[in-house]
Amino acid sequence: MGMTKWYRRPWVVPFGFLVLVFVAFSVPPYVTLDPALSRVPEVPAHPWHFPVLVAHVLFGSVAILTCVVQVWPWFRQRYPVAHRRVGRVYVFAGVLPGGVTALAIGAVSPFGPLNQVGNVLMGALWLAFTVAGFRMARQRRHVDHRRWMIRSFALTASIMSNRIWAAVAAITLSPRLDTAFGGSEVALLQTVSGLAAWLGWTIPLLLAEWWLERGDARRRRARRAPASDRQPVGV
């Protein structure tokens, strides 16, 4: 099979652009180390929350930036050594510390229990998928490595989906503040955050599973086709 041309995956460029815009928007308030600029409210009962949040944002940025080149077939095929090195950065300087910090800040999220459970579960799966993918690479089981890393990449990029769902939920539910939420802005905020936390990662992960199954089905049909062509026409 020939090498995939770089321009045969046109989605890579807009994906990379979205990632750059997202990082450029998300990171600056945290590099100042000023809690007053944080987009996440402080948790007074846990003074460690803000510094761990800053670490999570920085490690997560490494993960999502390196994710862009790792999912690019042309880069992977043209520069296999660079692919492996960037992959190590993705794992050890991105997902592993980013996932551990996600578990910590997710467990004490100020956005309510629905958000807490969703973020902790996502963080645990993010770590598990990435570790599984790394182990498959070490064992040279490249097909399994690719499958696990696609799941890992889906969760890495899901933070952008999270923000979209938060906006959709806020626009949809805000007019119901006085009815469905009894005028409680806290209840509204926790509902919006909880929905975004769950929809933000479950939908990308389901799409990744659909894409993997679609590829498997296509390969199964390709394997069966030659056999059927050899069937006798008559008796």
Which heavy-atom pair separates [X] from [Y] by the least distance, and what is that distance?
X	Y	value
S61	V57	OG-O, 2.7 Å
L96	V131	CD2-CG2, 3.9 Å
G16	V68	CA-CG1, 3.9 Å
T191	A187	OG1-O, 2.8 Å
A63	W126	CB-CZ2, 4.1 Å
H56	G98	ND1-O, 3.0 Å

For W198, look at atom CH2 and say whether over 12 heavy atoms of other residues, nucleotides or ligands are found less than 6.0 Å away.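 Yes.
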Notebook entry, point to check: Around Q139, counting heavy atoms of other residues, nucleotides and ligands shown, do more than 12 lie under 6.0 Å from its CD?
Noted result: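 Enclosed.
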Hey, does [Y] have a side-chain heavy atom less than 4.5 Å from the side chain of [X]?
X	Y	result
Q190	P113	yes
P80	R76	no
F59	V100	no
S38	L53	yes
I159	W201	no
M149	V71	no

- Query: For residues S109 and N115, is any side-chain donor paired with an opposing acceptor at under 3.5 Å?
  - Reply: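 There is such a pair between these side chains.
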Measure up the W72 and W74 rings against each other and bin them: parallel (under 30°), tilted (30 to 60°), perpendicular (over 60°).
->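 W72 vs W74 ring planes: tilted.
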* Asked: Do the ring planes of F92 and F134 sit parallel (below 30°), tilted (30 to 60°) or perpendicular (above 60°)?
  ->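 Plane angle over 60°, so perpendicular.
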Look up atom [atom1] in [X] and atom [atom2] in [Y], then write down how far apart they are to the nearest 0.5 Å.
X	Y	atom1	atom2	result
L65	Q70	CG	CD	12.0 Å
E209	R214	CD	CZ	14.5 Å
D144	R146	CG	CZ	11.0 Å
S158	L207	OG	CG	11.5 Å
T32	L37	OG1	CG	4.5 Å
M122	L127	CE	CG	9.5 Å

In terms of hydrophobic clusters joined by side-chain contacts under 4.5 Å, are [X] and [Y] together?
X	Y	value
L114	V43	no
L33	I105	yes
V31	F50	yes
V69	F17	no
Y79	V86	yes

Exercise. Between F129 and F153, does the ring centre distance come in under 6.0 Å?
Worked result: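 No, the ring of F129 stays outside the 6.0 Å limit from the ring of F153, centre to centre.
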Q: Answer yes or no on whether R39 is positioned over the face of F25, meaning its NZ or CZ is under 6.0 Å from the six-membered ring centre and within 45° of the axis.
A: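 Geometry flag: set, cation within 6.0 Å and 45°.
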Check your understanding: Does R140 use its side chain to pair, donor to acceptor, with the backbone of M136 at less than 3.5 Å?
Key ->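 No, the answer is negative, given that no donor and acceptor are paired below the 3.5 Å cut-off.
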Item checked: Backbone of V23 reached by a side-chain donor or acceptor of S26 within 3.5 Å ->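 The answer is no, because no donor-acceptor pair under 3.5 Å joins these two groups.
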Discussion item. Could you go through S174 and L188, starting from their C-alpha distance and side-chain angles, then the distance that decides it, and tell me whether this counts as side-chain contact (heavy atoms from CB on, under 4.5 Å)?
Written reply: CA-CA 7 Å; S174 292; L188 172 63; 4.0 Å; yes
Requested in this report: Mind running side-chain contact (heavy atoms from CB on, under 4.5 Å) on W165 and L195 for me, showing each step along the way?
Outcome: CA-CA 7 Å; W165 285 111; L195 288 172; over 6 Å; no
Applying the side-chain contact (heavy atoms from CB on, under 4.5 Å) test to V95, which of V62, T130, V89 qualifies?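 Of the listed residues V62, T130, V89, the side-chain contact (heavy atoms from CB on, under 4.5 Å) partner of V95 is T130.
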Evaluation steps, side-chain contact (heavy atoms from CB on, under 4.5 Å), between R151 and L125 | CA-CA 9 Å; R151 297 181 179 109; L125 291 174; over 6 Å; no
(request) Check the pair L20, F15 against side-chain contact (heavy atoms from CB on, under 4.5 Å), reporting the backbone distance first and the verdict last. (result) CA-CA 9 Å; L20 288 175; F15 175 62; over 6 Å; no
